Amino acid sequence: MSSQDIDRNEYYRSLKRNIFLIVILVSYIPLIVVSSGILYQMHAIHQEKTRIHLETLVKKHKWNIDHFLRERQDNISFIADSYRFDELADSARLAELFRKLQTTYGHVFSDIGVVRADGTQVSYVGPYLLESAQYNDAEWFQEAFQADTYTSDVFLGLRGFPHFIVTARKYKDGQPWILRATVDFLAFNDVVENIQLGQTGFAHIINRAGALQTRTAGRPVSTESAYLALFQKANQFSPDQIQSGTRQAADGTDLIYVAGLLKENQWALVFQQDLKDAYRDLNRTRNIAILVFGLGGIAIFTMAVVLSKGMITRIAAADREKEIMNQQIIESGHLVSLGELAAGIAHEINNPVAIMVEEAGWIEDLLEEETFHESENLTEFKRALTQIRKQGIRARDITHKLLSFARRSDSIIDRVDVNDLIREVVSLSAQQARYNNVEFESRLDEDLPAIQVSQTELQQVLFNLINNAIDAMDKRGGVIHVASWSNGDQVLFHVKDNGPGIPEANLHRIFEPFFTTKPVGKGTGLGLSICYGIIKKMGGEIKVESRVGEGTVFEINIPIDVRGATGAEPPAPVAKHAP
Amino acid sequence: MTIAKLLLVDDETAFLDAMKRRLTKRNFEVYTATSGMDALDLLSDEGEKVEVVILDVKMPGMDGIETLAEIKRKFPLVEVVMLTGHGTVPSAIDGMKQGAFDYLMKPCDMDVLVAKVGEAAAKKRRHEEKIIEARMQEITTRRA
């Protein structure tokens, strides 16, 4: 019994686990697949968008800076073309030109000067005292004399301040001279420094040696020039080509960089930003998604727990019901065949018993004759014969009961008020109940409709149930609760005792004929099987529920508007409705 | 002088014997038959004498109800008491509807049986008397 319970509990536990797992799997797998797919797609799209955005930005600024540089170059070249050496070598004239330059272009040029082939600055206009300065050692000077036009890298030079110069070379009498102008570093810087994105995105320019050409507003830039590789690839790309990629900074942060080459591949404009910063929006979205996923996961988990628990409760209840139903089906099948068997036996026994009783009667008849009157054992004969007849009648009564269980007997169908019947039977049983210290409690529905059944039969059923209940409680006493109610289609009543209950092993046998737990001679074991037969005949049901130590309840329902299906009288063609 | 002339019909010969002995001792004239066919044959031969038939409901071959119907058709004045095992009460009631005088449960108390047979015989005689009376009246009115 208990091991069966353990098995069952084990079964329910594993069933619950399986339901739980299935719910979890079925819910989580699509969730994970869909959300990771979406996240991945979003990630890729966002990365692409960010890259394109940055490339556009860099391309635009690259063009701007190139344009700026070319313009400065053109300014200087134009002046060098337009004026002769002598005019420019005249400081006053140069000053006038410089003034014009500044009025036209703003303070883009910080100074201007003319340098001869020997490196001597013949004229100069600007804030520094660089008149007659010697440049023939300066690196830019060497290169400037090699080309018609030249734009230098940023250097400190004589003034000790970062700047770069733009030059144009001309010839006077076969001797080259150059017009050089210093581009205001701050003005140039602004062009680049204004390229800022997010908190970490900024642009800077490096030359082929990796030296910074602009300020970075205090931001760390790798000095060992991680971007030198840009220049090596320069020839593979068209000048407008933008290169991009990611790299790891010295401190371990991931960076995205976008670069374009400037100034005939001499400089590179590099925009760099922390990956985290660049993908800030994406990461925020991802975090929200993860949060939603987490909450959803918890919800699914809770639901799975609740669902599996609820489902198991339902299944267990359904199993219990099914079991009870199975038992009832088995029982009713069982009882039908037993009933037929019993009827057959009753018939076969009846005839021999009849003969025996008649023969005993015959002997009694003979004993009446005078010849036997002197026999000393006459009274003993008579006693024995009386006993034979008595036992024959007892056997007949048993077959009577058996047959009334198995077959329909000739009862009269009548309108019966169940409440009246209950009161009658209870009052009849009251005497016996008092001996056994049993009390009656009743809760009768006064609006109970009458039913069309045999009064005597229903009385017999009630008698049997109440007597059984009284017997069950021995002398210890107890309470018998009788109730009646109706559910519209049926009249129901129950007889409930708080006696010792029926062990489960016996519970499904109690309706079998001859099954009794009473001592031999005290009970025939036919009471409940007769009740069963009667109630079945009325088209009703008899149910029993019992718990050892708590008591037993017999519940009976009888349809209101359907007459006993097959009584002694032929069934009425139309079902009678109880008024 | 016997109280009445009976015909006992039952397939159990032992039962027939015992009953015949007991009823004879109680001043009945008893014929016996072990089947419905035998009973009808016997009634045809001794028809005038038999007053009451005691008929078992459950018999092999022609059963009690069929036999009853035949008897009532051929010998309407003969009274029939049905004798039944318990399982066949409904058919005994059928029998009553078809004109049986009464029915008794088997095994039955001898005194009850004797009383029933006595009543049945009395009824038969009453019927016969009435018939005779009627005939006599008919004859007398015809004369007149």
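If you're wondering where the values come from, they're calculated on a predicted model, not measured in any experiment. Protein chains get the first letters and strands the later ones, always in sequence-line order, with residue 1 at the start of each.
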Out of curiosity, Glu364(A) CD to Met110(B) CE, how far, rounded to the nearest 0.5 Å? 10.5 Å

Checking Thr34(B) now: which residues fulfil side-chain contact (heavy atoms from CB on, under 4.5 Å) with it, not counting sequence neighbours? Thr13(B), Leu16(B), Asp38(B)

Say you draw a straight line from CG of Leu23(B) to CD of Glu358(A); how long is it, rounded to the nearest 0.5 Å? 8.0 Å

Within-4.5 Å side-chain heavy-atom neighbours: Arg26(B) and Asp365(A): yes

Best-contacting candidate, Gly392(A), Ala354(A), Pro352(A), against chain B by heavy atom pairs under 4.5 angstrom: Ala354(A)

If I compare all heavy atoms of Arg22(B) with all of Val357(A), which pair ends up nearest, and what's the gap? NH1-O, 4.2 Å

Scanning both residues in full, the closest heavy-atom pair of Glu359(A) with Ala14(B) reads OE2-O, 4.1 Å

Would you say Phe515(A) has more than 12 foreign heavy atoms packed within less than 6.0 Å of its CZ? yes

